[in-house]
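Note that these values count all heavy atoms, side chains included, but never hydrogens, waters or copies made by symmetry.
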Amino acid sequence: MRHPARIEPGPGQESVWDYPRPPAVEPVAARVVVRLGGQVVADTTDAVRVLETSHPPVYYVPISDLADGALQPAEGSSMCEFKGRARYFDVSGGGVTASRAAWNYPTPEPGYETLRDRVAIYPSAMDSCEVGGERVQAQEGDFYGGWITSAVVGPFKGGAGTFGW
């Protein structure tokens, strides 16, 4: 299956079709804030993002920068051919709990060690997620968990009909 034509990035933008495979991990200079139930559940200036061809970046925040009690272990796991086996968490804030809304790699594969003590959060399950004060849009679908800002262009994998890209 062929993917649609790459959108040409404008000034200050990047195309997800220029991201590498295997994925790269890079530090994020901007402040990242996540809210659920009207409360801040994560606030950090120490996030990293994972960049993979055709996917909006996935942001990982240090577990230590989540509010006390915001993460509870959840059932299940999944496997990434590059990063390793992921475990899942429920995320709670303001009396609301989002089931299996976060994940991390407790024993990541070589090259992804910085993810060990960080957690990724599905923006679709939160009240809001922000990067540098900009509210992100969630990647379509319920698997990848990418964060779409005005700085990235697609088309993005994740929605119906994109599995084979």
Counting only pairs under 3.5 Å, give me each side-chain donor-acceptor contact of residues 74-82, with atom names and distances, residues two or more places apart or in other chains.
{"from": "Ser77", "atom 1": "OG", "to": "Arg85", "atom 2": "NH1", "distance (Å)": "3.1"}
{"from": "Ser78", "atom 1": "OG", "to": "Tyr88", "atom 2": "OH", "distance (Å)": "2.6"}
{"from": "Glu81", "atom 1": "OE2", "to": "Arg21", "atom 2": "NH2", "distance (Å)": "2.9"}

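- The minimum heavy-atom distance between Ala86 and Tyr105, with the atom names listed, is CB-CE2, 3.6 Å.
- Annotation: salt bridge (charged side-chain N to carboxylate O under 4.0 Å, His left out) contacts involving residues 111-125, sequence neighbours excluded, comprise Asp46-Arg118.
- You'll find the side chain of Lys83 stays beyond 4.5 Å of the side chain of Pro108, heavy atoms only.
- Tracing side-chain contacts under 4.5 Å through hydrophobic residues (I, L, V, M, F, W, Y), one never reaches Tyr59 starting from Val152; they form parts of separate clusters.
- Side-chain contact between Pro57 and Val50: absent, with no pair of heavy atoms (C-beta onward) separated by less than 4.5 Å.
- More than 12 heavy atoms of other shown residues, nucleotides or ligands fall within 6.0 angstrom of atom CD in Glu109.
- Side chains of Val34 and Val40 form no contact here, defined as non-hydrogen atoms less than 4.5 Å apart.
- A donor and an acceptor atom, one from each side chain of Ser92 and Gln72, are located under 3.5 Å apart.
- Every side chain to side chain contact (heavy atoms under 4.5 Å, CB included) that Ser99 has, sequence neighbours left out, goes to Asp90.
- A distance-only check finds no donor-acceptor pair linking the side chain of Asp65 to the backbone of Ala42 [under 3.5 Å].
- Separation of atoms CE (Met126) and CH2 (Trp147) is listed at 9.5 Å; rounding is to 0.5 Å.
- Leu71 places a side-chain heavy atom less than 4.5 Å from the side chain of Val91.
- Remark: Ser54 engages Trp17, Lys157 in a side chain to side chain contact (heavy atoms under 4.5 Å, CB included) (not counting sequence neighbours).
- One hydrophobic cluster, built from ILVMFWY side chains closer than 4.5 Å, holds both Val48 and Tyr122.
- Rounding to the nearest 0.5 Å places CZ of Arg6 at 4.0 Å from CG of Asp18.
- Note that OG1 of Thr97 and CZ of Phe89 are 14.5 Å apart. Values are rounded to the nearest 0.5 Å.
- Partners of Tyr112 according to the ring pair (Phe, Tyr, Trp, His ring centres under 6.0 Å) rule, which considers only residues two or more places apart in sequence or in another chain, do not exist here.
- Following chains of ILVMFWY side-chain contacts shorter than 4.5 Å, one cannot reach Leu51 starting from Val58, and the two form parts of different hydrophobic clusters.
- Judged by distance alone, the side chain of Glu134 and the main-chain N or O of Thr149 form no donor-acceptor pair under 3.5 Å.
- Residue pairs meeting the salt bridge (charged side-chain N to carboxylate O under 4.0 Å, His left out) criterion with at least one partner in residues 29-45, sequence neighbours excluded, are Arg31-Asp43, Arg35-Glu130.
- Hydrophobic clustering of Ile, Leu, Val, Met, Phe, Trp and Tyr side chains at less than 4.5 Å, counting indirect connections, unites Ile63 with Ile121.
- Within the structure, ring-ring contact (aromatic ring centres under 6.0 Å, His included) contacts touching residues 21-43 (residues at least two apart or in different chains) do not occur.
- Contact detail for Gln39 and Gly93: the closest heavy-atom pair is OE1-C, 3.9 Å.
- In this structure Tyr19 satisfies the ring pair (Phe, Tyr, Trp, His ring centres under 6.0 Å) test with no other residue, sequence neighbours excluded.
- Scanning for side chain to side chain contact (heavy atoms under 4.5 Å, CB included) contacts around Pro56 gives Gln139, Ile148, Phe156, with sequence neighbours left out.
- Contacts of Glu26 classified as side-chain hydrogen bond (donor to acceptor under 3.5 Å, both in side chains), with partners at least two apart in sequence or in another chain: Arg49.
- With sequence neighbours excluded, the residues that form a side chain to side chain contact (heavy atoms under 4.5 Å, CB included) with Gln13 are Pro9, Val153.
- Summarising the geometry of Ser15 relative to Gly154, their closest heavy-atom pair is OG-O, 4.4 Å, with the distance given to 0.1 Å.
- Nearest heavy atoms, Ala101 versus Ala125: CB-CB, 3.7 Å.
- Residues forming a side-chain hydrogen bond (donor to acceptor under 3.5 Å, both in side chains) with Tyr60 (at least two apart in sequence, or on another chain): Trp103.
- The shortest heavy-atom contact between Val119 and Asn104 is CA-CB, 4.0 Å.
- With hydrophobic clusters built from ILVMFWY side chains whose heavy atoms lie under 4.5 angstrom apart, Leu115 does not share a cluster with Val28.
- Annotation for Pro123 and Gly145: closest pair CD-O, 3.7 Å, computed over non-hydrogen atoms.
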